[in-house]
Protein chains: 4
Amino acid sequence: MGAAKSKRVPRAVRERQMMDAAVRTFARRGYRAASMDEIAELAGVSKPLVYLYLNSKEELFSAVIRREAAALVTAVTAAVEKDAAADRQLWCGLTGFFAHTAEHPEGWAVLHQQARTHGEPFAIEVAAMRAEIVRFVAGLIGAAAKEAGCAGELADREVAGLAHALVGAAESLAEWANTCAADGTSTLGVIGERERPTAKDAAGTLMNFAWAGLGRLMHGERWTPA
Amino acid sequence: MGAAKSKRVPRAVRERQMMDAAVRTFARRGYRAASMDEIAELAGVSKPLVYLYLNSKEELFSAVIRREAAALVTAVTAAVEKDAAADRQLWCGLTGFFAHTAEHPEGWAVLHQQARTHGEPFAIEVAAMRAEIVRFVAGLIGAAAKEAGCAGELADREVAGLAHALVGAAESLAEWANTCAADGTSTLGVIGERERPTAKDAAGTLMNFAWAGLGRLMHGERWTPA
Amino acid sequence: MGAAKSKRVPRAVRERQMMDAAVRTFARRGYRAASMDEIAELAGVSKPLVYLYLNSKEELFSAVIRREAAALVTAVTAAVEKDAAADRQLWCGLTGFFAHTAEHPEGWAVLHQQARTHGEPFAIEVAAMRAEIVRFVAGLIGAAAKEAGCAGELADREVAGLAHALVGAAESLAEWANTCAADGTSTLGVIGERERPTAKDAAGTLMNFAWAGLGRLMHGERWTPA
Amino acid sequence: MGAAKSKRVPRAVRERQMMDAAVRTFARRGYRAASMDEIAELAGVSKPLVYLYLNSKEELFSAVIRREAAALVTAVTAAVEKDAAADRQLWCGLTGFFAHTAEHPEGWAVLHQQARTHGEPFAIEVAAMRAEIVRFVAGLIGAAAKEAGCAGELADREVAGLAHALVGAAESLAEWANTCAADGTSTLGVIGERERPTAKDAAGTLMNFAWAGLGRLMHGERWTPA
DNA sequence: TATGAATGAGGCTTCATTCAT
DNA sequence: CATGAATGAAGCCTCATTCAT
């Protein structure tokens, strides 16, 4: 299983191997159910070495979260074209987001499902990353409003709420996509759609879903129950 | 502790007490970290009685999920006005959803955070409930399209994607609202807004966010990257 | 080994069995080297039961110390004749002390060797017991001085030092006696004397050693280096 | 950390550094709780080097005991004036003993507290040292008896018991003194006196306590319970 | 002379689960 | 209907010790 049994590996490499194994295991089993034994075996090392390098299950999880969060933020940031129009930037970011979560489903699972479920010490790290992204999106919405010459129509608070909803929808779509994609053994895919959307499809769906609506909002057209 | 020590209680009542305790405990600690000891104590009974009535931790969790899922579906279903217009129906459903998740945050936490995080046996039950809701929403979108006389503009697949995004956004908002509402000690609420939105506010935000965009879509106005 | 396998024993009894096993094991191996496994086996129960009743190794050790300290103080206290002369009281106390430590060598070993060696939480309990005894002895010395009509000759501080030395000598003799008495396998007994002194012998030795000297001190005869 | 990292140090020096670190660590933590890691770090070397030079934890501890025991015996021996009167010799020896234990509290702690607590292999080495000292003291008592012209009054066995008690009292005083001297944070010092006695004070206390009594004994005056 | 890399073994603790009453 | 007594299995973590350089 784990890597071919190669002895005497430099620390940095071993640490990466261990964290890879940890991401996988935490994603598959959840924080509590994942055992250090399993992680060590998957990494192809003995348990004491994991402790020597990463100190404890908690610190290991924390390190994993930080690494995956940084990778995600980097991917999204790198995907946007800096000087494009706001809608273009948002589309780029979403595409980057969906592409990254599709390529690293286990990292995304750890961030989205596990970290938020297991108490403050971890949730805070994820919340910080999420807040960064929400701020970025809110900035784009605000910029778009200005570009459209209707800054006054949207209160800051409203912009924040919309950004939150957008990010939430994106997260939800990403998880849904990954659930569909799981190998054929999963019974979950059976319910609902089957084919996994590409990153561009997902981004397009979301842009259509939201951006168009934002356009109306910016022109003061609001939906009201009555 | 838990309930006042009253002996000789009929089975149905005892079972409800146990499941209430279980919901609370699972929501607070997560599936793995919740101990049968804690659940039994919180329910005010001895552990063997829990096993006598609910057989095992797994079955107990399963029963909890089914109960909470049914309650949520019932609440949402009951909230819609059967013969109203599609947008009105959607708004009603969303309002009912946000109201129920706000009144039963622990049930919602178990459904949304715990059940999906802990392997197939449980996730399937939640996925089924979610699929039911998604179908309902998709039906509304389709109906709205028909009402607007533009059925042909939206492919079924597109409708399903939009329904998914809408449900995802709603779930995200619901969780966010509950996180805000947690007692002041939570550091998570600090990031982003502070005041918890009412159910109607949340539903309105989402309708504005999505419905308006849907309107455009139905008229064939699509957003494209180029 | 451990007691004949008797199931379903009331808690109080089981707790005593466990503590007996613990005293034995701690005395034999020392606090750190004693394993909960060994204690449980010696007590004839499973390890979880030990934890259920006594919570942790630390608490178990603490409980053992308290029990043994109380037993020793009780034994010494019970041995003195309340209204006798001071020297008689001291002799009685010493006899009781030597008799108790001889009958409970493992308890004494835990108090004298283990508890003082393993950090404050435990050492404090023993120090408290020891202080109680030292105060008692100091009181007797003071009383004797008064009886002899020479209260002024001995400063309080001097009395305390003497009491300390006397208690220390008694402890040392008790340990020495127990070391001698250890079964034939011990190589320690070979060095020095062989026959174990009786409690009365030991008390007599100490009275002769110290009391007679105190007599001189009380009359102002002091030893000086020059 | 420990010493400044100086490479290529001759073996003898390195060994001393290691044993110094070991004494300190064993005194602070106890034999079992002391880890080879901590010792190596405190010595400023890598763990394999410790094993290369000292083979195992057990041998290291043994070496430490031998070194400290030899140092103590040497100090006591060197302190006595060879041709002085017996009482003078005893006083000198006690003074030397208290001075040495005060200057090397960690070595004394290892000898007195740790070595005797951890099984035969180590206890024997300490017992041997102790026996040597006891014989020396017994010799002095015998000599004193002869000097006083009353050799017949004291049986050999009685002399041995008295020597034991005297040594025990001295040990007890030494430990008590070191306990007092520990930094102000120790709660143990609070019980009993506060100021640490000098070596000469301690020796004087003991001489007064014991020697005077011995004088009486030598003249046939015995204390009897009745 | 000296060390970074690595592990087998074992200890403390907890938990889901079952008897016997 | 209800429980006090009890345990097998497993998890986290640490340690003394060695290998290859």
Side-chain angles (χ1 to χ4, degrees), chain A residues 5-11 13-15 32-40 44-60, chain B residues 5-11 13-14 32-40 44-53 55-60, chain C residues 5-11 13-15 32-40 44-60, chain D residues 5-11 13-14 32-40 44-53 55-60:
Chain A
K5 211 169 194 177
S6 57
K7 302 240 161 181
R8 294 289 126 177
V9 171
R11 175 165 181 156
V13 176
R14 269 282 133 88
E15 275 188 356
R32 290 288 303 225
S35 86
M36 293 300 269
D37 267 304
E38 188 176 356
I39 292 172
V45 291
S46 70
K47 228 187 331 173
L49 200 58
V50 180
Y51 279 91
L52 189 60
Y53 287 172
L54 286 101
N55 300 321
S56 75
K57 194 183 187 182
E58 203 165 319
E59 276 189 45
L60 172 54
Chain B
K5 209 168 194 175
S6 55
K7 301 236 164 184
R8 304 283 132 177
V9 171
R11 172 157 184 160
V13 176
R14 269 280 133 91
R32 289 285 305 218
S35 85
M36 295 298 269
D37 268 302
E38 186 175 357
I39 293 172
V45 291
S46 72
K47 237 186 321 176
L49 200 58
V50 179
Y51 279 89
L52 188 63
Y53 286 174
N55 303 317
S56 75
K57 194 183 186 184
E58 203 165 318
E59 277 189 44
L60 171 54
Chain C
K5 211 168 193 178
S6 55
K7 302 241 160 182
R8 298 285 128 176
V9 170
R11 175 166 182 156
V13 176
R14 269 282 132 90
E15 276 188 355
R32 291 287 303 225
S35 86
M36 294 298 270
D37 267 303
E38 188 176 354
I39 293 172
V45 291
S46 70
K47 230 186 331 173
L49 200 58
V50 179
Y51 279 90
L52 189 61
Y53 287 172
L54 284 95
N55 302 321
S56 74
K57 195 182 187 183
E58 202 165 320
E59 275 190 46
L60 172 54
Chain D
K5 210 170 194 175
S6 55
K7 300 233 165 186
R8 305 280 133 177
V9 171
R11 174 159 182 159
V13 175
R14 270 281 134 91
R32 289 287 305 221
S35 85
M36 294 298 270
D37 267 304
E38 186 174 357
I39 292 172
V45 290
S46 71
K47 237 186 322 175
L49 201 58
V50 179
Y51 280 88
L52 187 63
Y53 286 174
N55 303 317
S56 75
K57 193 183 189 185
E58 203 164 319
E59 277 189 43
L60 171 54

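Computed over heavy atoms, backbone and side chain alike; hydrogens, waters and symmetry mates excluded. Just so it is clear: chains get the letters A, B, ... in the order the sequence lines come, proteins before strands, and each one is counted from 1.
What separates CZ of Arg11(A) from C1' of dT3(E) is a distance of 14 Å, to the nearest Å. In this structure, Glu38(D) atom CD and dA16(F) atom P are separated by 10 Å, rounded to whole Å.
Both Leu52(B) and Leu52(C) sit near DNA chain F, but only Leu52(B) has its closest nucleotide nearer the 5' end. Of the residues near DNA chain F, Arg32(B) and Leu49(B), the one whose nearest nucleotide (by heavy atom distance) lies more toward the 5' end is Leu49(B).
In the helix from dA2(E)-dT21(F) to dT21(E)-dA2(F), the end axes, each obtained as the rotation axis mapping the C1' atoms of four pairs onto the next four within a five-pair block, lie 30° apart to the nearest 10 degrees.
Note that CG of Leu52(A) and CZ of Arg11(A) are 6.5 Å apart. Values are rounded to the nearest 0.5 Å. From Glu38(B), atom CD reaches atom OG of Ser35(B) across 5.5 Å, with rounding to the nearest 0.5 Å. With rounding to the nearest 0.5 angstrom, the CZ atom of Arg32(C) is 6.5 Å from the NZ atom of Lys57(C).
Ranking dA6(F), dG11(E), dA2(F) by closeness to the Ser46(C) side chain, first place goes to dA6(F).
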Go through the steps to decide whether Ile39(C) and Leu60(C) satisfy the test side chain to side chain contact (heavy atoms under 4.5 Å, CB included), and finish with yes or no.
CA-CA 10 Å; Ile39(C) 293 172; Leu60(C) 172 54; 4.0 Å; yes
Any chance you could lay out the side chain to side chain contact (heavy atoms under 4.5 Å, CB included) test for Glu59(A) and Leu54(A), step after step, and finish with the verdict?
CA-CA 6 Å; Glu59(A) 276 189 45; Leu54(A) 286 101; 5.8 Å; no
Worked check of side chain to side chain contact (heavy atoms under 4.5 Å, CB included) between Leu49(A) and Tyr53(A)
CA-CA 6 Å; Leu49(A) 200 58; Tyr53(A) 287 172; 4.1 Å; yes
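The two residues Ser46(C) and Ala40(C) have their closest heavy-atom pair at C-CB, 4.0 Å.
Close to dA2(F), at under 4.0 Å from its OP1 or OP2, lies a side-chain N or O of Arg14(B).
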Tabulated below should be each protein N or O lying under 3.5 Å from an N or O of nucleotides 17-21 of chain F; please produce it.
{"unit_1": "dT17(F)", "atom_1": "OP2", "unit_2": "Tyr51(D)", "atom_2": "OH", "d": "3.1"}
{"unit_1": "dT17(F)", "atom_1": "OP2", "unit_2": "Lys57(D)", "atom_2": "N", "d": "2.9"}
{"unit_1": "dT17(F)", "atom_1": "O4", "unit_2": "Lys47(D)", "atom_2": "NZ", "d": "2.6"}
{"unit_1": "dC19(F)", "atom_1": "O2", "unit_2": "Arg8(A)", "atom_2": "NH1", "d": "3.0"}
{"unit_1": "dC19(F)", "atom_1": "O2", "unit_2": "Arg8(A)", "atom_2": "NH2", "d": "3.0"}

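The residue Ala34(C) sits close only to the backbone: its heavy atoms come under 4.0 Å of sugar-phosphate atoms, none of a base. Ala33(C) comes within 4.0 angstrom of nothing in the nucleic acid, heavy atoms only.
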